[in-house]
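Throughout, residue positions are numbered sequentially from 1 according to the sequence presented.
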Amino acid sequence: MKKTLLTALAAVMAFSINAQIETPAPSPAGSVYSKVGLTDVTIEYSRPKVKGRKIFGEGSDFLQPYGQLWRAGANAGSKLIISTDITFGGTAVKAGEYLIFATPGKDEWSVSLYSDISLGGNVGGYDKSKEVALAKVKPRTLSTPVEVLTYNIADISDDNTTAAIELRWSDVSVKVPIKVDFDAQVMASIEANTKVNPGNYVAAANYYLAAGKDLNQALKWMDMYLAVGENSKQFWHVHTKAQILAKMGDKKAAKETATKSMELAKASPNGDFGYVKRNEDLIATLK
């Protein structure tokens, strides 16, 4: 009997130790992700709330006084994860994981990346030698306050080469510009993949057209692709060839090619997908 009671007591104690009550965190975990060019950009952070407090300002009445280093979030701080090298506020940064720190100011903020992620939110242990980038940026006052700290990957450019890491909290928005470089990677991919799959000629030509590279080479690739089998009937790719010719300044050939694309689009049993209008618009620019 005594042995049975001891066994039961041990089981109850073990259950008591392992059982935990889960409640909502005061500063819940959050994350944001975006592709910028060919770079995976992720921010992982904890999200404190304003809860009626004064957040950024001069003096001890504020949660984050001007001039004092801040973990740029709650709990273990905020972390930036990048899959390729980037520039952060003009400073080159290697691919990897970094803590984000900030020093608020009325007219200027300092935002830094820190290489030792084991530091977490311990601002007292900040070692300047482990700071890999420091950006000076101007804060912007928000017309509508943000209750819960929010990070964004904002302002992605049309050519996908630039963006901004944005922090929004209380009545403040701060953006640090970032820049990515994917041209060498794309060029290497073009070199390798057009050799094994001629279908990649289209992607290569489109990249050259968008990036303003060698248009003669882009035209050559499109001609090689369109010369194969039924590819010549793919009006969307014929339209790309017309765009290349137009950018090269060959208005006559561009107009003829756009007209061919339009005729093919009109004849398509599955619909023109807007390519009749696209070709009409292109032809209108060639007069």
Novice: So that I can tick it off, tell me whether Lys138 and Asp107 are bridged by a salt bridge, with the cut-off set at under 4.0 angstrom between side-chain N and carboxylate O.
Specialist: no
Novice: What are the two closest heavy atoms between Pro104 and Ala102, and how far apart are they?
Specialist: CD-O, 3.7 Å
Novice: Is Thr150 reaching over with its side chain to a backbone N or O of Val148, donor-acceptor style, under 3.5 angstrom?
Specialist: yes
Novice: Check this for me: does any side-chain nitrogen of one of Lys79 and Glu44 sit under 4.0 Å from a carboxylate oxygen of the other?
Specialist: yes
Novice: Nearest heavy-atom pair of Leu142 and Ser170: which atoms, and what distance?
Specialist: CD1-O, 4.0 Å
Novice: Give a yes or no on whether a salt bridge exists between Lys260 and Glu263, defined as a side-chain N under 4.0 angstrom from a carboxylate O.
Specialist: no
Novice: Considering non-hydrogen atoms only, spot the tightest contact between Gly90 and Thr87 and give its length.
Specialist: C-CB, 4.3 Å
Novice: Which of parallel (below 30°), tilted (30 to 60°) and perpendicular (above 60°) describes Tyr126 and Tyr114?
Specialist: tilted
Novice: Quick one: does any side-chain atom of Thr103 pair with a main-chain N or O of Gly67 as donor and acceptor, under 3.5 Å?
Specialist: no
Novice: What I'd like to find out is whether the side chain of Trp169 reaches to under 4.5 Å of the side chain of Val50, using heavy atoms alone.
Specialist: yes
Novice: Hey, what do you get for CG (Asp40) to OG (Ser83), rounding to the nearest 0.5 Å?
Specialist: 4.0 Å
Novice: Does the side chain of Val93 reach to within under 4.5 Å of the side chain of Leu113, using non-hydrogen atoms?
Specialist: yes
Novice: With a 4.5 Å cut-off on side-chain heavy atoms, are Val111 and Val137 touching?
Specialist: yes
Novice: Should Leu167 and Leu149 be marked as a side chain to side chain contact (heavy atoms under 4.5 Å, CB included) after you check the CA-CA gap, both sets of side-chain angles, and the distance that decides it?
Specialist: CA-CA 7 Å; Leu167 178 155; Leu149 180 122; 4.3 Å; yes
Novice: When you compare the side chain of Arg140 with that of Arg168, does any pair of heavy atoms fall below 4.5 Å?
Specialist: yes
Novice: With rounding to the nearest 0.5 Å, note down the distance linking CG in Leu63 to CD1 in Ile55.
Specialist: 5.0 Å
Novice: Using modelled atom types only, decide if a donor and an acceptor are shared between the side chain of Ser268 and the backbone of Gly271 within a distance under 3.5 Å.
Specialist: yes
Novice: Salt bridge check: are Asp223 and Lys241 linked by an N-O gap of less than 4.0 Å?
Specialist: yes
Novice: Just how far is it from atom CG of Leu226 to atom CD of Gln234, taken to the nearest 0.5 Å?
Specialist: 7.5 Å
Novice: Supply the atom-to-atom distance Ile43 CD1 to Ile153 CD1, rounded to the nearest 0.5 angstrom.
Specialist: 4.5 Å
Novice: Evaluate the side-chain proximity of Ile82 to Glu97: yes if any heavy-atom separation is below 4.5 Å, no if none is.
Specialist: no
Novice: Does NZ in Lys233 sit with more than 12 non-hydrogen atoms of other residues, nucleotides or ligands closer than 6.0 Å?
Specialist: no
Novice: Quick one: does Asn231's side chain have a donor or acceptor within less than 3.5 Å of a partner on Tyr225's backbone?
Specialist: yes
Novice: Phe235 vs Phe273 aromatic rings, parallel, tilted or perpendicular, using cut-offs 30° and 60°?
Specialist: parallel
Novice: So, for Val172 and Phe56, which heavy atoms are closest and what is the spacing to 0.1 Å?
Specialist: CG2-CD1, 3.8 Å
Novice: State yes or no: do Ile165 and Val36 share one hydrophobic cluster built from I, L, V, M, F, W and Y residues joined by side-chain heavy-atom distances below 4.5 Å, directly or via other members?
Specialist: yes
Novice: Should we say atom CG of Asp158 is surrounded by more than 12 heavy atoms from elsewhere, each under 6.0 Å from it?
Specialist: no
Novice: Regarding Asp272 and Arg278, does a basic nitrogen lie under 4.0 Å from an acidic carboxylate oxygen?
Specialist: no
Novice: Given the rule that I, L, V, M, F, W and Y join up when any side-chain heavy atoms are under 4.5 Å apart, are Val176 and Leu134 in one cluster?
Specialist: no
Novice: Is the backbone of Thr257 close enough, under 3.5 Å, to the side chain of Ser261 for a donor and an acceptor to pair up by distance?
Specialist: no
Novice: According to a 4.5 Å side-chain heavy-atom criterion applied to Ile, Leu, Val, Met, Phe, Trp and Tyr, with indirect links allowed, do Ile117 and Tyr151 form part of one hydrophobic cluster?
Specialist: no
Novice: Looking only at non-hydrogen atoms, find the nearest pair between Ala258 and Ala242 and report the distance.
Specialist: N-CB, 3.7 Å
Novice: Donor-acceptor pair, distance only, cut-off 3.5 Å: does the side chain of Ser78 make one with the backbone of Ala72?
Specialist: yes
Novice: Between Glu166 and Ser173, is there a side-chain donor-acceptor contact under 3.5 Å, judged purely by atom types and distance?
Specialist: yes
Novice: Would you call Glu280-Lys277 a salt bridge at under 4.0 Å N-O?
Specialist: no
Novice: Any side-chain to backbone donor/acceptor pair from Arg47 onto Ser27? Under 3.5 Å, distance only.
Specialist: no
Novice: Measure from NZ or CZ of Lys106 to the centre of the six-membered ring of Tyr66 and say whether it is under 6.0 Å with the direction within 45° of the ring axis.
Specialist: no
Novice: Distance check, rounded to the nearest 0.5 Å: Gln217 atom CD versus Tyr201 atom OH?
Specialist: 9.0 Å
Novice: Side-chain contact test, heavy atoms from C-beta onward, threshold under 4.5 Å: evaluate it for His239 versus Gln243 and give yes or no.
Specialist: yes
Novice: Can you tell me how far the CG atom of Asp116 sits from the CG atom of Leu99, to the nearest 0.5 Å?
Specialist: 7.5 Å
Novice: Below 4.5 Å, heavy atoms only, C-beta onward: do Thr39 and Ile86 meet side chain to side chain?
Specialist: yes
Novice: Under a 3.5 Å cutoff, is there a donor and acceptor pairing between the side chains of Asp183 and Tyr207?
Specialist: yes
Novice: Trp109 and Leu69: same hydrophobic cluster, using ILVMFWY side-chain contacts below 4.5 Å?
Specialist: no
Novice: Is a side-chain donor or acceptor of Trp236 paired with a backbone partner of Tyr275 at a separation under 3.5 angstrom?
Specialist: no
Novice: Under a 3.5 Å distance rule, please check whether Lys247 uses its side chain to pair with a backbone N or O of Leu209 as donor and acceptor.
Specialist: yes
Novice: Might you point out which heavy atoms bring Phe101 and Arg71 nearest each other, and give the distance in Å?
Specialist: CD2-CA, 3.8 Å
Novice: Check for a donor-acceptor pair, side chain of Tyr45 on one end and backbone N or O of Ser31 on the other, with a separation under 3.5 Å.
Specialist: no
Novice: Is there a path of hydrophobic side-chain contacts, each under 4.5 Å between heavy atoms of I, L, V, M, F, W or Y residues, that connects Ile156 with Val186?
Specialist: yes
Novice: Is any side-chain heavy atom of Phe88 closer than 4.5 Å to a side-chain heavy atom of Tyr98?
Specialist: no
Novice: Side chains of Lys136 and Ser110: any donor to acceptor distance under 3.5 Å?
Specialist: yes
